[in-house]
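Report on the following structure.
Residue numbers start from 1 in every chain, and the chains themselves are labelled A, B, ... in the order their sequence lines are given, proteins ahead of strands.
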There are 2 protein chains.
Amino acid sequence: MLQQGAVRDRIVERFDAMSPQLQAAARYILEHSQEVALVSMRELARNAGVQPATMTRLAKFLGLAGFEDIRVHFSDALRLRADGFAARAIERDNAGTEAGSGLAHRMLQSLSGQIARLSEPESLARLQAVADRLAAARRVYVLGLRSCHSVAWHFHYVMTLLGDKSVHLDGPAGTGVDGLLRAGDQDVLLVISISPYALQTLEIARLAREKKIGIVAITDSEVSPLIGISEASILCATESQTFFHTLTPALAVSEVLCGLLANRDRQASLDALQRADQHLASLNIYTNTIPPRRI
Amino acid sequence: MLQQGAVRDRIVERFDAMSPQLQAAARYILEHSQEVALVSMRELARNAGVQPATMTRLAKFLGLAGFEDIRVHFSDALRLRADGFAARAIERDNAGTEAGSGLAHRMLQSLSGQIARLSEPESLARLQAVADRLAAARRVYVLGLRSCHSVAWHFHYVMTLLGDKSVHLDGPAGTGVDGLLRAGDQDVLLVISISPYALQTLEIARLAREKKIGIVAITDSEVSPLIGISEASILCATESQTFFHTLTPALAVSEVLCGLLANRDRQASLDALQRADQHLASLNIYTNTIPPRRI
DNA sequence: CTCGATATGAAACAAGTGTTGCAAATCCTG
DNA sequence: CAGGATTTGCAACACTTGTTTCATATCGAG
């Protein structure tokens with residue numbers, strides 16, 4: 001196994017000074033690290049052929065308060081490996097410091113981890129599937145209300161620079177939905193919604209489904225109400241150490257989708273962007289010191 | 001997380017038929033699978049905001065004898081995952097080296113790194129400075145046009161849930177700027193702009209400065225035109241492997257600011273959120289539970 | 001050997017575990 | 001809006017947990 005941190009090292013280091021029973025316990029722990037976190041101490045002792053008390057004695061011998069300290073250590077290591085990332089461990093490190101001042105650090109570390117986890121194979125496959133569906137569509141309608149407006153709008157904004165496929169279902173005086181009037185089965189609706197799910201979003205999505213419009217979703221859970229009605233979907237984390245949910249991973253997903261779509265026909269994308277640049281330049285939208293952008 | 005086997009599927013499958021409390025428990029388990037094996041049921045229930053009995057009831061609802069059955073299942077899954085960790089790490093590295101289809105992977109890794117880099121001490125200090133300035137303000141005006149609209153709006157949206165300090169300088173027919181009419185030197189303008197910088201944003205910011213309104217900025221560079229006119233600022237990366245700039249780090253910054261502000265008076269924030277919840281509930285904005293499918 | 005110290009096993013302990021039964025609250029439905 | 005069925009919170013339950021205590025066993029030095 002990989003390094004499990006300080007406790008493991010300490011066991012190895014002090015192994016020679018242990019009594020036979022302590023060594024038996026220590027050896028079992030070293031060779032079955034995961035079990036430490038997954039079964040009770042008594043069962044661990046039984047499997048190691050050792051008295052329960054020996055496990056406690058081992059902990060004290062290592063300078064710890066009790067066996068619980070050992071378990072915490074191995075739990076964290078296991079969580080870390082299962083996550084494939086260090087977000088939680090960092091969180092714990094800072095837990096000792098002031099609750100307030102470390103918040104920013106904890107939030108950023110956690111966000112970084114949540115986005116990194118999106119690059120696991122399954123997520124990538126789902127991203128690709130959604131991108132494929134969007135690429136095949138004649139027109140893409142984008143729906144995201146309340147907190148998800150930011151993501152919906154950003155996706156729509158970028159897509160607008162790339163062409164005229166995108167229609168944003170939002171607008172003053174609640175007229176946004178009218179966009180679906182002329183939508184049909186060659187079109188796709190991209191729905192973005194996280195818990196708590198806005199009722200209106202679901203209603204519009206169901207309406208779209210009845211009209212045979214394809215539906216893809218960015219949402220937060222396998223049990224999101226959107227899962228049942230979409231052909232493809234991407235799940236992203238929304239948990240945060242604050243009182244509200246985070247939309248940063250969802251925005252990242254949105255940007256990746258834009259990237260995948262633009263990447264399908266790089267030349268066409270470049271041309272479209274150049275035309276957009278000219279348009280905006282002639283309207284004097286931006287400060288003239290425009291740094292050229294290309295890849 | 002990835003496939004955890006039968007129990008997980010069964011939870012998803014029967015989710016719609018569950019009572020609200022069961023759903024809450026189920027949702028927490030789905031989103032924190034590892035914890036099931038690593039902490040006691042009572043603690044799990046506490047973290048899920050649910051009665052201990054609800055966990056037992058969930059198990060029975062799924063046709064299992066008791067919660068212990070659930071735990072066994074997730075323990076096994078976790079053991080398996082931890083074992084396969086090394087293999088997955090290799091797989092992940094390989095995925096990164098692929099050129100074409102690896103775009104999504106590269107983008108996500110890069111975003112993750114850009115956000116992690118925001119947690120360096122200097123960035124944290126700047127975040128804190130901006131948060132302090134915002135907290136001291138009587139009113140916070142939020143300005144972000146074009147691509148930055150998403151970030152501006154999201155910040156404003158969250159702040160609206162926390163109180164009425166925030167005013168979004170945007171609106172139909174270009175009337176958004178009118179909000180600055182009554183702004184004064186006790187107020188602060190939060191400007192968000194990245195290259196290329198929208199001319200209108202700079203004009204409004206300069207106007208605000210003439211009116212002695214405090215200015216803080218989220219922008220992308222030390223040489224951004226916003227740096228010269230703001231009292232405090234936060235820099236975030238915008239580089240991306242696509243044709244466009246990324247706003248994900250900027251959104252992360254915005255969320256951290258919201259978190260820091262809400263954290264200053266946690267009780268007041270909680271009260272405000274609760275009031276917002278009640279308001280939205282009475283308007284029936286959200287699905288309170290997943291409605292059982294009619295017909 | 002014998003003595004002192006250390007190591008081990010077994011039993012007792014409080015604390016916390018998962019579960020259950022019951023009453024209050026909530027929700028439908030007629 | 002009453003009545004019946006669900007759903008929910010609460011408290012008690014028997015049981016297991018990790019720890020501690022103490023008596024016994026083991027060892028090494030004289």
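Contact annotation: B/Thr56 reaches the phosphate of C/dT19 (side-chain N/O to OP1 or OP2, under 4.0 Å). For C/dG9, one of the phosphate oxygens OP1 or OP2 lies less than 4.0 angstrom from a side-chain nitrogen or oxygen of A/Gln21. Look at B/Lys60 and you won't find any side-chain N or O under 4.0 angstrom from OP1 or OP2 of C/dT19. Taking side-chain N and O atoms only, A/Ser40 has no distance below 4.0 Å to OP1 or OP2 of D/dT16. One finds no side-chain N or O of A/Arg71 lying less than 4.0 angstrom from the OP1 or OP2 phosphate oxygen of D/dT17. Considering only side-chain N and O atoms, B/Ser19 lies under 4.0 angstrom from the phosphate OP1 or OP2 of D/dT8.
When the P atom of D/dT21 is taken as reference, atom CD of A/Gln51 falls 17 Å away, rounded to whole Å. Atom CD1 in A/Ile70 sits about 9 Å away from atom P in D/dT19, given to the nearest Å. Rounded to an integer number of Å, the gap from CZ of A/Arg46 to P of C/dA10 is 14 Å. Rounded to a whole Å, the CG atom of B/Leu64 is 14 Å from the C1' atom of C/dG18. Between B/Met41 atom CE and C/dA15 atom P the separation is 20 Å, expressed in whole Å. In this entry the distance linking CD of B/Glu43 with P of C/dG18 reads 10 Å, nearest Å. At whole-Å resolution of the value, CG in B/Leu44 and P in C/dT17 are 11 Å apart. Taking atom CE of residue B/Met18 and atom P of nucleotide D/dT8, one finds them 12 Å apart after rounding to whole Å.
Under the 4.0 Å criterion applied to side-chain N and carboxylate O atoms, B/Glu43 and B/Arg46 are not assigned as salt-bridge partners.
A/Thr246 places none of its side-chain heavy atoms less than 4.5 Å from the side chain of A/Glu239. With contacts defined as side-chain heavy-atom distances shorter than 4.5 Å, the pair B/Tyr286/B/Asp277 does not qualify.
Distance from the side chain of A/Pro20 is smallest for C/dA7 among the nucleotides C/dA10, C/dA7, C/dG18. Among D/dC10, D/dG18, C/dA10, the nucleotide with an atom closest to any side-chain atom of A/Arg42 is D/dG18.
A/Arg209 places a side-chain N or O within donor-acceptor distance of the main-chain N or O of A/Ile229, the cut-off being under 3.5 Å.
Residue A/Val36 forms a side chain to side chain contact (heavy atoms under 4.5 Å, CB included) with just one option from A/Val7, A/Leu30, A/Ile70, A/Val72, and that option is A/Ile70.
Residue-to-nucleotide contacts include a donor-acceptor pair under 3.5 Å from the side chain of A/Arg57 to the base of C/dG9.
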